[in-house]
Engineer: 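Encoded as structure tokens, here's the structure I'll be asking about.
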Amino acid sequence: MMIIVFSCPILKFNSMGLKITAAITAVGGYVPEYRLTNAELEKMVDTNDEWIRTRTGITERRILKGNDKGTSDMVVPAVKQILEKRNIGAEEIDCLIVGTVTPDTVFPSTANIACHKLGAVNAWGFDLAAACSGFLYALTTGASLIESGRYKKVIVAGSDKMSAIVDYSDRTTCIIFGDGAGAVLLEPNTEGYGVLDSLLRSDGSGASHLHMKAGGSVRPASIETVTNKEHYIYQEGQPVFKHAVKDMADVSYELMQKNNLTAEDVTWLVPHQANKRIIDATANRMGLPAEKVMLNIQKYGNTTAGTIPLCLWEWESQLRKGDNLVLAAFGGGFTWGATWIKWAY
Ligand code: UT7
């Protein structure tokens, strides 16, 4: 049957008048082999396992080893899993969006490099920098490409090699972050499944609390910036924590209210994994018990744009068609948001 796509100002419909939504149809993930444990960090900085576990919920994180390995080397295996699961070729990918703040290089984009490594010869793509909200921003962007009716297979990845920008002599940040990547395939759906709503927020006044001081156009790399360790993550933990606890919880609750979703309607909360205490606050605000919250921070730490798709990857076999998922994130920028997905398979 030939499907004709036509548009009204807001929504896209197929020839039968059905709205096109962007459904996730497969999930892939990749975490590096190497496990950096709390015990190992105790030997590197003045910290201890008990402090890390009680303040963050983290026990270990994965680290991508190898001098010539970058973020694209985690995106590629995650995407290959998707292609195998859906039994499709790389040449069928229309677009690859990579949420990341640790691109292989400033340019070309990680998406560009990953498409080449994958053999995705018909794809275009780009990187999207929204720190820990990178996957949510990229997912909403990718969903819009599908909803427009113009693209049929869009892959959205969240991938960060945080070990590349962590100062392993700074105990306030090195205990938190890890490396990893997750990815989802988006395809058109006319049965009401997929990405149904997103509330995304941004507030640049929070930039000074969580950022990298140098390496951009304002303060290019120099001997001075390297000597001053300005190419590492700089984070003021407490203000970030306060904003994260409030804003991630508020936006998730607002998304539920806007869409008349009760706590009973929500099957899973898929939160950014930055700190278990932030996740608990969000779940409480939404009225969700712990059993409905995806949590793997203990194993992987904070992989920035990787956390949410890595949760989807781990929980994929437990998800059922029709499940309501609320994805929620907060990160550098500040950036934050929440997305409602009705699971499609
Ligand atoms: O994903 C992107 C967004 N980022 C976040 O969401 C992170 C938000 N922030 C946090 O998760 C928390 O603020 C941290 C985990 C970073 C820090 O936890 P905290 O409970 O806010 O600790 P704090 O900064 O208030 O520090 C409390 C104490 C301090 O000692 P004093 O001044 O009370 O003597 C710190 O020096 O803990 C000390 N401390 C540590 N002690 C042992 C800080 N880091 C460590 C450490 N080990 N690794």
Side-chain angles (χ1 to χ4, degrees), residues 36-61 99-102 129-137 158-163 165-180 182 200-212 232-252 270-283 285 294-298 300-311 327-338:
L36 177 60
T37 62
N38 289 352
E40 198 175 341
L41 283 167
E42 283 176 1
K43 294 179 201 148
M44 296 160 69
V45 289
D46 180 14
T47 191
N48 60 79
D49 175 57
E50 210 254 329
W51 191 97
I52 301 171
R53 277 189 294 103
T54 53
R55 297 290 179 122
T56 68
I58 303 168
T59 303
E60 61 182 35
R61 56 301 279 145
T100 188
V101 286
T102 53
C132 299
S133 306
F135 182 75
L136 286 198
Y137 275 41
S159 180
D160 271 300
K161 183 188 171 188
M162 297 307 289
S163 60
I165 58 169
V166 164
D167 174 2
Y168 285 97
S169 66
D170 174 8
R171 71 175 182 170
T172 66
T173 51
C174 74
I175 53 128
I176 298 171
F177 294 99
D179 303 338
L200 301 178
R201 305 278 187 254
S202 162
D203 178 4
S205 71
S208 61
H209 298 304
L210 177 52
H211 66 147
M212 188 190 287
Y232 293 124
I233 297 164
Y234 173 82
Q235 176 171 264
E236 292 159 6
Q238 283 198 4
V240 178
F241 183 86
K242 279 180 194 152
H243 277 276
V245 161
K246 182 173 186 311
D247 295 339
M248 195 164 120
D250 281 355
V251 77
S252 305
V270 193
H272 170 53
Q273 314 276 311
N275 187 317
K276 186 171 181 304
R277 290 182 289 149
I278 299 171
I279 295 170
D280 290 345
T282 304
R285 183 81 200 279
M294 295 187 190
L295 189 77
N296 59 14
I297 191 172
Q298 69 283 2
Y300 304 140
N302 181 348
T303 55
T304 303
T307 61
I308 290 177
L310 277 173
C311 282
L327 284 47
F330 183 91
F334 294 135
T335 55
W336 69 103

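All ligand and atom numbering here is 1-based and tracks the order in the structure.
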Engineer: Examine the side chains of T100 and D160 and answer whether a donor and an acceptor come within less than 3.5 Å of each other.
Structural biologist: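 Yes, side-chain donor-acceptor contact under 3.5 Å.
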
Engineer: Mind checking side-chain contact (heavy atoms from CB on, under 4.5 Å) for D247 and listing every partner two or more places apart, or none if nothing turns up?
Structural biologist: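 side-chain contact (heavy atoms from CB on, under 4.5 Å) check on D247 returns H243, F330, W336.
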
Engineer: Please enumerate all residues that pass side chain to side chain donor-acceptor pair (under 3.5 Å) together with R55, with sequence neighbours excluded.
Structural biologist: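 R55: no side chain to side chain donor-acceptor pair (under 3.5 Å) contacts found.
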
Engineer: Pick one: which of T303, N38, T37 meets side chain to side chain donor-acceptor pair (under 3.5 Å) with R61?
Structural biologist: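 Going through T303, N38, T37 one by one, the side chain to side chain donor-acceptor pair (under 3.5 Å) with R61 is satisfied by N38 alone.
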
Engineer: Sequence neighbours left out, what passes ring pair (Phe, Tyr, Trp, His ring centres under 6.0 Å) with Y234? Give chain and number order.
Structural biologist: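 Y234 satisfies ring pair (Phe, Tyr, Trp, His ring centres under 6.0 Å) with H211 once adjacent residues are dropped.
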
Engineer: At a heavy-atom distance under 4.0 Å, which protein residues reach ligand 1? Sort them by chain and number, would you?
Structural biologist: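 Residues D46, T47, W51, R55, T56, C132, R171, T172, I175, I176, L210, Q235, G237, Q238, V240, F241, H272, A274, N275, R277, I278, N302 each place a heavy atom under 4.0 Å from ligand 1, listed by chain and number.
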
Engineer: Using the side chain to side chain contact (heavy atoms under 4.5 Å, CB included) rule, pick out the option among V245, V251, D250 that qualifies with R285.
Structural biologist: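 So, applying the side chain to side chain contact (heavy atoms under 4.5 Å, CB included) to R285 and each of V245, V251, D250, only D250 qualifies.
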
